[in-house]
Structure formats: structure tokens, C-alpha cells
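Down below is the structure, laid out as C-alpha cells.
Everything numeric here is computed off the predicted structure, so don't read it as measured data.
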Amino acid sequence: MRAKARRNRRDLPWRAPPGETPDPYAVWLSEIMLQQTTVAAAKPYFAAFLSRWPHVEALAKAPLDEAMKAWAGLGYYARARNMHACAGLVATKYRGRFPTSELELRELPGVGPYTAAAIAAIAFNRPAIVVDGNIQRVVARLFAVSEPPRQARTRIAELLASLLSPERPGDFAQGLMDLGAGVCTARAPSCGACPFAGACEAARRGEAEAFPVKAPRTPKPNRKGAAFVLRCAELTLLRTRPPRGLLGAMTEFPTTPFEEDFDVSKARAMAPLPAKWRLLDGDVEHVFTHFRLELAVFIARVAPPVPRIENYRWAPARDLDREGLPTLMRKVAVHAGLIRSGSARKHGNDMESG
DNA sequence: AAGACGTGGAT
DNA sequence: TATCCAAGTCT
């Protein structure tokens, strides 16, 4: 079993070679990036961050907006704000060394019950009970847990702890996560390849896919709004969103609020300045976690000299990529013809497709 | 306690 | 096209 487990081990950039101790900073950074995010999406960001900020004190010294720019496109931007605050705290309060206890880790911004346990187990080999989405699924199937994971989290943790007390908590947690990611998958699990199939109640019933039980989902409302793309010479008008809430602290084109009953015909009055605003054909469509957005895009051009507008700034339209726009705003830029749809992202290497 | 909070890929 | 899903946290 151990040999097999080693063979099936995923080789990931934040993992230390077998037998070696991983860098706590890299473990922490990867765990923050992987929250609700696929491995494939996190990889290029992880590489870019580690290369640019090789240790926690370097990241702590970086201006917040630089960290936000580097995070742009990954989503859940509160993670980036908390990440930066956490780096500052570790650099000062802990002199650059991450605390090793689950309790202290849990107090760091952006570090919840899962991440605290994961860092304690993986980086410090502490006997923490690590329960992520993969492990919830594995345990829910093993015991045919009848409640959705969110309600059953404590019970799932207890069931997991009752299984065994692993010698190497970090390897145990990561092994279970790999099992969930590659065998005990959400859809079409490979029970025939699972070493625990014989002990699995869901598999015994032949209904592995029925677990974990799904919570009823709330429908996504539709919201509307408008964005304003203003050009002056080779510059375009940008601003920074408020530090909390949707896309908090991220760069954007001026926008209206996003509302269900938004009236596009009244949008021009909300523009950053009076101009000959032209409504572009077609909306920008974007799906957030909790609502769909149809964004109308207005464009206008003003003649130099470049007007100074409080709370706004002008940036070269040529290299908007360096502004670190969230995906919604990239779509606006594409729609307005400022950048091409295949234009290289900060970390991706996707080529122009047309 | 339950909603807010992004994005891209797979089905 | 619609829905689901991916190493959750904060309020």
C-alpha cells in the first residue's frame, strides 16, 4: 500500500521531494491559492509569486496593489488582501517564521480551519485533522453521510479522526486529497481502482455518486450595470474599487453599481464626466458566484489636455495587461477594442486564437 | 447560519 | 446553454 501510495503521489510544485520538509511559506501560499481553485489555475500564479517574492518578508514588503495585480484573474480577491495582511503579520509578529501550531495559524487572516490544519500537518508534521472538499467527499462516501458537508463538517472530521492516527499527518492528508482528486472524484468515481472500496458504504450500495449529499442551491439572479471606457490620447481612465466587497481593491473601468432593476437608459448620467458617450452593441456577460451580470459598455473620447479627475487615474491603453485587470474588466477591455481576446495574460501562455 | 465572494474547465 | 465543480473564509 505504501509503495502504491508513493506511485500515485501527485508531483506538484509546492510539494517537497519525498522525505524532505517543504517550505512553510510555499505551503501557505499554495493553500491560499488553492482555496476553491483548481490546481491548473493556481500553478502559474504560484510560480510567479514564488519567483517574484521568494519569502514571506519579500511579499510583506510589496505594496498591496502590486500583490493585487499579480493575483488578478485568480478570483476571490479577499484571499489576496488577506494574504498580504498575513504576510505582514508573519513578517513582524513572527519575525518571518510561520507559527507551527494550528491554533496560532488559525488566527492569521485568510487562514480558516482547513488551511490551518493543512499547514500544520504538511509544513510542520503536526497531527492536525485536515478536512478539505476532497476529504469531505471521501469520508462522506466511506460512511454514507446523509447530511450535506457544510452541516456535517464536524461529524466528518470526527469520522476521519476515528479512522486512524497517522504517523505522517501531512502525507496522510495529501494522500487522501490525491485520492479524492484522482479516484474518489465528484463525478464518475473509479471505485474499481479505490483501495478503500471494500470499506466504503456508498460503494457497497453502488451509489457513490449520491454522496456527498448536495445542499439545495439558491438560484442566481440577473443583474445589470454599465462600464465607461474613456480615452484621451493614448490613455484610458481607470480607478481602484473600494477595499471590500465584490472585486474589492481591484482595478476597474468606471462602472455603475450592479443591480437587478438597473435602467441602462439612465446610465449616461452616472458617467465619470460629461462626454459623447456611445453605447456599444452587445453586453459583456459575466457569471459571478452569486449572480449573473450583463454589463453595457459606453465609450467616449476627450481631447487633450488630459483632465485630472479625483479618485481616477489615466493609464496607457496599450498595455492594460500590466494593470492587472480582473476578468470582468478584461472582458470590458476586449469589448471596447482596447485589447485582443487572446492577448497574453500575466501568467498564462495562451496564444492568440483570433 | 447562510450569503458573499471569481474564474475557467468539464459535462 | 445550463449546471456543476475546484485544497474555503469571512461576516
Side-chain angles (χ1 to χ4, degrees), chain A residues 10 12-15 26-46 68 71-83 85-86 105-123 128 130-138 148-151 153-154 170 173-182 184-189 209 212 214-223 241-250 252 258 285-293 324-331 345-348 350:
Chain A
R10 279 187 294 178
L12 300 170
W14 41 84
R15 286 187 176 173
V27 172
W28 164 74
L29 187 59
S30 70
E31 292 300 343
I32 300 299
M33 288 184 171
L34 287 164
Q35 289 168 6
Q36 297 290 287
T37 303
T38 58
V39 166
K43 270 182 181 176
Y45 286 86
F46 178 81
M68 299 307 291
W71 192 278
L74 239 202
Y76 282 145
Y77 297 101
R79 290 184 298 171
R81 304 192 299 268
N82 289 330
M83 168 198 72
C86 181
L105 287 163
R106 182 66 182 78
E107 291 172 8
L108 298 171
V111 177
Y114 160 72
T115 304
I119 296 172
I122 297 169
V130 180
V131 184
D132 78 322
N134 287 304
I135 296 175
Q136 286 179 148
R137 184 169 58 252
V138 170
R150 205 159 173 176
Q151 281 84 65
R153 194 184 189 284
T154 303
Q174 292 176 92
L176 228 41
M177 287 191 265
D178 283 6
L179 183 76
C184 192
T185 51
R187 281 174 294 200
E209 267 184 293
K214 291 188 244 321
R217 62 184 61 261
T218 54
K220 273 180 194 182
N222 294 307
R223 295 190 196 172
R241 288 179 65 87
R244 318 178 125 233
L246 188 74
L247 305 178
M250 296 301 289
E252 70 167 4
F258 307 150
E285 294 180 19
H286 194 68
V287 181
F288 290 103
T289 310
H290 53 300
F291 68 93
R292 294 170 202 289
L293 178 65
L325 299 179
T327 298
L328 171 63
M329 294 301 150
R330 286 187 63 84
K331 288 183 179 178
R345 302 193 58 142
K346 206 163 187 15
H347 309 301
D350 46 327

- Message: Rounding to an integer number of Å, can you tell me how far A:Y77 OH sits from C:dG8 P?
- Response: 17 Å
- Query: Is A:L247 touching bases, backbone alone, or none of the nucleic acid, heavy atoms closer than 4.0 Å?
  - Reply: sugar-phosphate
- Note on the structure: Between A:L105 and A:A116, the two heavy atoms sitting closest are CD1-O, 3.6 Å
- Between B:dG6 atom P and A:M250 atom CE, what is the distance in whole Å? 9 Å
- Name the closest nucleotide to the A:P326 side chain, picking from B:dG6, B:dT7, C:dC10. B:dT7
- Side-chain N or O of A:H290 closer than 4.0 Å to phosphate OP1/OP2 of B:dC5: yes
- Checking all strands, does A:W14 fall into the base, sugar-phosphate, or nothing category for heavy-atom contacts under 4.0 angstrom? base
- OG1 (A:T115) and CG (A:L108) are apart, to the nearest 0.5 Å, by 10.5 Å
- In whole angstroms, how far is the P atom of B:dT7 from the CG atom of A:L34? 17 Å
- Message: Students often get this wrong, so: under 4.0 angstrom with heavy atoms, is A:L12 touching a base, only sugar-phosphate, or nothing?
- Response: base
- Does the side chain of A:R150 get closer than 4.0 angstrom to OP1 or OP2 of B:dG3 through an N or O atom? no
- Note on the structure: Residues A:G180 and A:R137: closest non-hydrogen pair is O-NH2, 2.8 Å
- Message: Tell me the interatomic distance from A:W71, atom CH2, to B:dG6, atom C1', rounded to whole angstroms.
- Response: 11 Å
- Check for a donor-acceptor pair, side chain of A:R79 on one end and backbone N or O of A:I32 on the other, with a separation under 3.5 Å. yes
- Item | Nearest-nucleotide pick for A:L246, side chain only, options being C:dG8, B:dG6, C:dC5 | B:dG6
- Query: Which listed nucleotide (C:dC10, C:dG8, C:dA6) is nearest to the side chain of A:N134?
  - Reply: C:dA6
- Base, sugar-phosphate alone, or nothing: which one does A:G245 contact when heavy atoms must sit under 4.0 Å apart? sugar-phosphate
- Task: Report yes or no: is there a donor-acceptor pair, N or O only, under 3.5 Å between the side chain of A:R10 and the base of C:dA7?
- Result: yes
- Look at the side chain of A:R244 and decide which nucleotide, out of C:dA6, C:dT11, B:dG9, has an atom nearest to it. C:dT11
- What does A:V111 touch in the nucleic acid at a heavy-atom separation under 4.0 angstrom: a base, only the sugar-phosphate, or nothing? sugar-phosphate
- Message: When you measure from the side-chain N and O atoms of A:T115 to the phosphate of C:dT9, is any distance below 4.0 Å, counting only OP1 and OP2?
- Response: yes
- Task: Provide, to the nearest angstrom, the distance between the CD1 atom belonging to A:I32 and the C1' atom belonging to C:dA7.
- Result: 11 Å
- Taking the nucleotide of DNA chain B with the closest heavy atom to each, which residue, A:K331 or A:F291, is nearer the 5' end? A:F291
- Nearest non-hydrogen partners of A:S30 and A:W14, listed with the distance: CB-CG, 3.4 Å
- Task: Return the 5'-most residue of the pair A:T218, A:T38 with respect to DNA chain B, ranking by each residue's nearest nucleotide.
- Result: A:T218
- Note on the structure: Of the candidates C:dG8, B:dA4, B:dT7, the side chain of A:T327 sits closest to B:dT7
- C:dA7 and B:dA2: how far apart are their C1' atoms, nearest whole angstrom? 22 Å
- Message: Taking B:dG8 as the reference, what is the distance to C:dC10 when you measure between their C1' atoms (whole Å, please)?
- Response: 24 Å
- Looking only at N and O atoms, is any donor in the side chain of A:T289 or the base of B:dG3 less than 3.5 Å from an acceptor on the other one? no
- Does A:Q35 put a side-chain nitrogen or oxygen below 4.0 Å from OP1 or OP2 of C:dG8? no
- Item | Sugar-phosphate, base or nothing in reach of A:A118, heavy atoms under 4.0 Å | nothing
- Expressed in angstrom and rounded to an integer, what is the separation of A:F288 atom CZ from C:dC5 atom P? 22 Å
- Task: Answer yes or no: does a side-chain N or O of A:R217 lie under 4.0 Å from OP1 or OP2 of B:dA2?
- Result: no
- Query: Among side-chain atoms of A:Y114 and A:Q35, is any donor-acceptor pair under 3.5 angstrom?
  - Reply: no
- Note on the structure: Taken to the nearest whole Å, NE2/A:H286 to P/C:dT1 is 16 Å
- Query: Contact class for A:L328 (heavy atom, under 4.0 Å): base, sugar-phosphate, or nothing?
  - Reply: sugar-phosphate
- Verify the contact: side-chain N or O of A:R137 to OP1 or OP2 of C:dA6, cut-off strictly under 4.0 Å; return yes or no. yes
- Message: Work out how far the C1' atom of B:dA1 is from that of C:dA6, and round it to whole angstrom.
- Response: 24 Å
- Query: If you look at every heavy atom in A:K214 and A:E209, which pair is closest and at what distance?
  - Reply: NZ-O, 4.4 Å
- The nucleotide from C:dA7, B:dG6, C:dG8 with an atom nearest the side chain of A:V39 is C:dA7
- Hey, which sits more toward the 5' end of DNA chain C by its nearest nucleotide, A:G110 or A:R15? A:R15
- Item | Which atom of A:K220 lies closest to which atom of A:F291, heavy atoms considered | CG-N, 4.1 Å
- Query: Over how many whole Å does the gap from A:Q151 atom CD to B:dG3 atom C1' extend?
  - Reply: 13 Å
